[in-house]
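Data first, discussion second: the structure below is written as structure tokens.
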Number of protein chains: 2
Amino acid sequence: MPYSAEHKKQSRERILLSAIDLFCRRGFDQISIAQIMQHAEMTHGAFYAHFSSKVSLYAEAILTAGRHSLLVRKGGDLDKEKMRYLVTEYLSMEHVRQEGYACPLAFLSTDVAHRDSEVRASYEKVFNGMVDRLAQALEATGRSLQTARAQAQYLVVTMVGTVSIARSLSDTESQKALLENSKSSLFAMLAD
Amino acid sequence: MPYSAEHKKQSRERILLSAIDLFCRRGFDQISIAQIMQHAEMTHGAFYAHFSSKVSLYAEAILTAGRHSLLVRKGGDLDKEKMRYLVTEYLSMEHVRQEGYACPLAFLSTDVAHRDSEVRASYEKVFNGMVDRLAQALEATGRSLQTARAQAQYLVVTMVGTVSIARSLSDTESQKALLENSKSSLFAMLAD
DNA sequence: GTCTATACGCCGATAGAC
DNA sequence: GTCTATCGGCGTATAGAC
């Protein structure tokens with residue numbers, strides 16, 4: 001057979017990775033299927049052998065982006081030092097400029113709010129996964145389960161808000177100042 | 001003359017108000033000029049007598065939305081009690097559901113990040129205006145200028161992040177829990 | 001200033017050959 | 001599975017009558 005199952009799997013993966021990168025960069029509506037397929041080095045028509053629609057790709061791309069994100073990628077348990085490092089990376093200009101993997105929570109928040117329930121469910125799943133992971137780490141530092149969950153949720157919300165606003169500002173210096181300011185406040189919270 | 005200057009001003013205002021409402025609800029790309037004009041009770045073709053392009057309307061709509069937003073609308077000085085009330089209103093389900101005026105910072109953040117510099121400049125202006133207003137209020141409670149500005153920025157970022165994520169979740173109970181959690185943390189900060 | 005009508009392009013999705 | 005080609009619809013912007 002000319003196309004193996006493995007080959008198909010790889011094509012699908014290339015489409016997903018291209019979609020994540022482009023959707024995060026310019027949003028759902030401003031990226032066409034043709035652009036995604038070109039980035040994945042295929043042609044427009046081949047798309048429908050892998051996904052049933054553009055929206056369905058979006059929902060799956062968000063889940064995949066969540067698995068690649070800074071907030072869940074690190075293996076093993078998170079100690080205090082790793083958490084500080086993670087916050088620093090998340091609140092960096094490299095992240096704002098999308099030089100590596102972008103967090104879909106920060107890059108797609110208002111975009112997702114306009115879509116159907118399948119897409120929103122993906123977003124919620126990514127959000128809950130990140131909160132769970134951070135809560136677990138905070139609990140390990142001696143906090144109660146309740147406190148850990150509350151602080152983890154608050155941590156994610158603030159980091160997402162910071163990066164999301166920073167990306168919308170037009171001035172680089174304002175972006176840097178915003179990131180630094182949130183970082184100090186969150187470090188203070190983590191220091192307890 | 002059949003159309004007075006006053007009449008034109010009113011038409012322009014209707015277009016702006018319709019644009020704010022619809023853009024916040026469904027984003028820039030998912031709203032057409034025809035829809036905005038229909039909402040403003042005019043026809044598609046009349047649009048270009050008031051604005052040069054859809055993007056130019058967007059930039060101006062963001063500024064207008066900023067002036068109508070919860071964070072700047074209240075007249076006079078903000079005391080501690082008014083600030084608590086303002087945070088409560090901002091972090092309410094009514095705001096998330098856009099039952100009154102929506103804050104463009106929370107509803108359009110990732111959307112604005114994909115546009116040109118004129119749109120981003122509008123967004124930045126609204127952001128700075130809100131931070132300034134809150135900083136002034138915090139300074140009046142005895143904080144240093146520096147602390148007041150830092151806390152004001154942090155306050156805006158967290159509220160925007162909270163509302164923006166809440167809008168993307170699919171479950172009402174999760175939305176409420178998120179709003180409540182951020183509210184307690186911010187109240188604690190304001191209490192000092 | 002507002003209307004109707006239309007030019008022009010882009011995009012999501014499908015059809016059919018290989 | 002991937003390609004080329006195309007259908008059908010929609011959206012921005014413009015033209016011209018009133």
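Chain naming here is simple, since letters A, B, ... match the order of the sequence lines and numbering starts at 1 in each.
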Check every strand shown and say whether [X] touches a base, only sugar-phosphate, or nothing at a heavy-atom separation below 4.0 Å.
X     : answer
B:I31 : sugar-phosphate
B:H44 : base
B:S32 : sugar-phosphate

Subject >> Salt-bridge present (A:D29, A:R115; N to O < 4.0 Å) >> reply: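 Salt bridge flag = yes for A:R115 with A:D29.
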Just how far, in rounded Å, is [atom2] of [N] from [atom1] of [X]?
X     : N      : atom1 : atom2 : answer
B:H50 : C:dG1  : NE2   : C1'   : 6 Å
B:L57 : D:dT12 : CG    : C1'   : 13 Å
B:H7  : C:dC3  : NE2   : P     : 9 Å
A:I15 : C:dG12 : CD1   : P     : 14 Å
B:Q38 : C:dC3  : CD    : P     : 12 Å
B:E41 : C:dG1  : CD    : C1'   : 16 Å
B:D29 : C:dC11 : CG    : C1'   : 12 Å
B:M37 : C:dG1  : CE    : P     : 12 Å

Subject >> Flag for B:S144-B:T147: side-chain donor and acceptor within less than 3.5 Å >> reply: yes
**OP:** Return yes if a side-chain donor-acceptor contact under 3.5 Å exists between B:S109 and A:T110, otherwise no.
**Re:**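 No, no side-chain donor-acceptor contact under 3.5 Å.
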Can you tell which of [options] lies closest to the side chain of [X]?
X     : options               : value
B:Y48 : D:dA13, C:dG12, C:dT2 : D:dA13
B:S11 : D:dA13, C:dT2, D:dT2  : C:dT2
B:I33 : D:dT4, D:dT12, C:dC3  : D:dT12
B:A49 : D:dC3, C:dT2, C:dG12  : C:dT2

Subject >> Side-chain N,O (A:T43) to OP1/OP2 (D:dC3) below 4.0 Å >> reply: yes
Subject >> Geometric class of the A:Y101/A:H68 ring pair [parallel <30°, tilted 30-60°, perpendicular >60°] >> reply: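 Because their plane-to-plane angle is under 30°, the rings of A:H68 and A:Y101 count as parallel.
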Subject >> A:H114 and B:F107 aromatic centres sub-6.0 Å >> reply: no
